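Notes follow the structure.
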Amino acid sequence: QVQLVESGGGLVQAGGSLRLSCAHSGRTFSISAMGWFRQAPGKDREFITTINWSSGNTYYADSKKGRFTISRDNAKNTVYLQMNSLKPEDTAVYYCAAAIAKSRDYYYTLSGQYEYWGQGTQVTVSS
């Protein structure tokens with residue numbers, strides 16, 4: 001089992017920044033990848049970024065490159081999502097996720113590849 005707890009969401013004005021945190025615990029030694037997704041009202045869950053756990057290499061959805069950055073602090077067992085130049089359309093519930101099962105894909109971009117999910121944190125960007 002892996003437990004994930006997100007924090008750092010809130011209300012921010014357009015153009016502002018937020019840093020989301022995802023604290024992970026449990027069988028974290030078995031993690032293959034971690035990722036960030038988001039889901040806006042009435043929309044499907046959307047992939048943002050992922051980090052390959054063994055290499056630390058990262059991958060972003062094309063539309064998220066440049067404004068979003070994933071990072072990790074192994075000493076704190078935490079993964080971060082830095083979000084800059086936020087726009088009202090970034091308003092959503094943001095989720096971190098952990099994948100355990102090995103995949104032939106180097107980067108895990110599909111929600112179905114992740115077995116564990118946090119509870120989500122709301123990000124609201126006002127215009």
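None of the values given here were measured: they were computed from a predicted structure.
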Using side chain to side chain contact (heavy atoms under 4.5 Å, CB included) as the criterion, point out the one residue from L20, T69, I48, V12 that pairs with M83.
L20
What residues, two or more places apart in sequence or in another chain, satisfy ring pair (Phe, Tyr, Trp, His ring centres under 6.0 Å) together with Y60?
none
When rounded to the nearest 0.5 Å, the distance separating OH of Y114 from OH of Y108 is 8.0 Å
Kindly assign one of parallel, tilted or perpendicular to the pair F68 and Y94, based on the angle between their ring planes and the thresholds 30° and 60°.
parallel
What about the rings of F47 and F37, do their centers lie closer together than 6.0 Å?
yes
In this structure, CD1 of I51 is separated from CG of L81 (nearest 0.5 Å) by 11.5 Å
CZ-CZ distance between R45 and R38, expressed to the nearest 0.5 angstrom:
13.0 Å
Are R72 and T78 close enough that some pair of their side-chain heavy atoms sits under 4.5 Å apart?
no
Once you round to the nearest 0.5 Å, how far does NZ of K76 lie from NE2 of H24?
12.0 Å
Dump the intermediate steps for side chain to side chain donor-acceptor pair (under 3.5 Å) on T50 and N52, then the final yes or no.
CA-CA 7 Å; T50 183; N52 181 289; over 6 Å; no
How long is the gap from SG on C22 to OH on Y80, to the nearest 0.5 Å?
10.5 Å
Going by atom types only, do Q113 and D105 share a side-chain donor-acceptor pair under 3.5 Å?
yes
With distance as the sole criterion, is a donor-acceptor pair present between the side chains of S55 and Y106 under 3.5 Å?
yes
Excluding sequence neighbours, so at least two apart, what forms ring pair (Phe, Tyr, Trp, His ring centres under 6.0 Å) with Y59?
Y107
S71 and D73: side-chain donor and acceptor closer than 3.5 Å?
no
